There are 2 protein chains.
Amino acid sequence: MAMTVKERVENVASELTASERKLASALLADYPYAGLVSIQELAKRAEVSAPSITRFVAKIGLGGYQEFQRDLLLELKEGEKSPVELQDRGGRPAGGYLSDFIGRATALMADSAQAITEDQFARICKLLSDPQRSIYALGGRASNTIAFQLSFHLRQARKDVFHLPSDVETWPEYLLRMRSGDALFIADFRRYQTDLERLAEKASARGVRIVLMTDKWLSPVARHAAEVLAVPIESGTLWDTYTPALAVIEAIVTRIAEDNWEQTRTRIRAWDEVRIKERDSDK
Amino acid sequence: MAMTVKERVENVASELTASERKLASALLADYPYAGLVSIQELAKRAEVSAPSITRFVAKIGLGGYQEFQRDLLLELKEGEKSPVELQDRGGRPAGGYLSDFIGRATALMADSAQAITEDQFARICKLLSDPQRSIYALGGRASNTIAFQLSFHLRQARKDVFHLPSDVETWPEYLLRMRSGDALFIADFRRYQTDLERLAEKASARGVRIVLMTDKWLSPVARHAAEVLAVPIESGTLWDTYTPALAVIEAIVTRIAEDNWEQTRTRIRAWDEVRIKERDSDK
DNA sequence: GCATCTAAGAAAATATTTTTTCAGTCAAGA
DNA sequence: TCTTGACTGAAAAAATATTTTCTTAGATGC
């Protein structure tokens, strides 16, 4: 599938029949959108019959109209990404490595604001700040640090925040402690961990509301989740970045801290005092 | 068709059910392409049933899945033509809390590319990838997670990476192990921890090269550091964000992984194998 | 002018997709 | 604890899309 549809058409251009040429013109005139409608509509627009299209598609070496459309769609998706997004948005194309990387991350982050509605954001903040519920959090191997950022800051704003250790052995203990209505925050990006799905399943069975942060391919945990935060991350590539995920998490904890400012301040102060006392007693 | 599909989704966001929200996330995470596949495929990807999609489409005020796809296609076609409009639509200036927050973070991140020269970046990458040296890392209370991101990924690309525990008591042990020429990565943002400065001082005395990541007010650790990465962070405010710091760290580890790709791949594979074996023996 | 062949569309057959119906499940409230 | 109501997905039904078959029209060579 190294060939684009357009290339395929050009390759066979010389051996096309009259109506096939008509079709090719119509397709190339509004490429690739013309090919993304139903075969009948395309037939009408190109003023040929549907069977001619089927034959045409076979002629350019594709298995059928569906495959043809799938290919066009993939091209479209790819095309959008590389030339436009990577160069245009990322700023200096000839910049250095660092500014290049940061350019990409910046673009992705801007996207993440789009991918999550304010409504969902508000709902999740409300859920995680509800003092009636206990909050449990954890993440996958690489994303655990991100999840930890959430529990760390959340702990400053409210009580009953628990971060599950990575060690699977300890999970049952936490599971038993979870009560219906509690919330479990899970960050899981590719490559997904089956451990997490099992955990989610059991927690979900106990009536725990699961908030999942994942990438666009959706972790299997999504099956059990009440809320899915899908952040746009080029997860799985060497060019990974978790910055959009971090930004969303920071937005959540900041919002919660703001809304419960009095309480947060009190908690931080109390916490500081304990820390200072401990240190003094060390001396 | 004055409304885009995305707008429609946002309009009804508050009255969506659990699986509809899941669907909305999946759609927005890969908008609009996610919606251009068959209803069944979308159902599979979003982990909901096809009927739920039909109901969802009706809920956002469209006549059916076909109409939904037609609209998405039209948007795509339009959007391609005028990038200006796309930008206009996307970045609501009067957006909500989340987009506001992300907007700030994005701006800060763009700045951070400016604040660090490519030269310094390259120097640090070289230092941290040098197999002759051992690498030690840690961070302050809040920034430890960020530092951890560095040691976690660095560990995949090379040997001899150690993350110091938060517990001060254990530090002397690590200090004694450090040798002249080793590198110590410290992340320290306001409010600074005096612990860290003492650690830096002792390490520095042993000939350890210290790389400091801090904010523009410069942690006291800077005194002993060979390299200071000052990332623009509104540290100390309620509106904190570590995203620029994370971006820089990710850029560093990505660069190092790329430069030592063969080795990194080998290490990751070996690592995976051990993990899988462990899991198997659990059974 | 006739036979023959290719190409194209109509219609039928097939495959696929979309929608509706319906029964089970789960959470919230009495 | 029980009831109620809303949500959900499995399965069936309906609609639609795609492909195949078959017939006709037109071109070409004899």
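What you are looking at is a predicted structure, and each value in this text was computed from that prediction instead of being measured.
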Quick one: [X] [atom1] to [N] [atom2], roughly how many Å, whole number?
X: E15(A); N: dT6(C); atom1: CD; atom2: C1'; answer: 15 Å
X: R179(A); N: dA27(C); atom1: CZ; atom2: P; answer: 15 Å
X: K22(A); N: dA7(C); atom1: NZ; atom2: P; answer: 15 Å
X: L16(A); N: dA8(C); atom1: CG; atom2: C1'; answer: 15 Å
X: L23(B); N: dC7(D); atom1: CG; atom2: C1'; answer: 14 Å
X: E20(A); N: dT6(C); atom1: CD; atom2: C1'; answer: 12 Å
X: R223(A); N: dG9(D); atom1: CZ; atom2: P; answer: 11 Å

At under 4.0 Å between heavy atoms, which parts of nucleotides 13-22 of chain C does protein reach? Answer with one letter per nucleotide, 5' to 3': B base, S sugar-phosphate only, - none. ---SBBBB--
Please confirm whether the ring centroid of Y242(A) lies under 6.0 Å from the ring centroid of F189(A).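 Y242(A) vs F189(A): aromatic centres under 6.0 Å.
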Aromatic centroids of Y136(A) and F185(A) separated by under 6.0 Å: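 Ring centroids of F185(A) and Y136(A) are no less than 6.0 Å from each other.
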Think S19(B) has a side-chain N or O under 4.0 angstrom from the OP1 or OP2 of dT8(D)?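 Yes, within the criterion.
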OP1, OP2 of dA8(C) versus side-chain N and O of T17(A): anything below 4.0 Å? yes
Does [X] pair with [Y] as a salt bridge, N-O distance under 4.0 Å?
X: K59(A); Y: E20(A); answer: yes
X: R158(A); Y: D130(A); answer: no
X: E227(A); Y: R123(A); answer: yes

Sorted by position of nearest nucleotide on DNA chain C, 5' first, the leading residue of G207(A) and A18(A) is A18(A)
Distance only, no hydrogens: is a donor on one side chain within 3.5 Å (strictly under) of an acceptor on the other, for S151(A) and H163(A)? yes
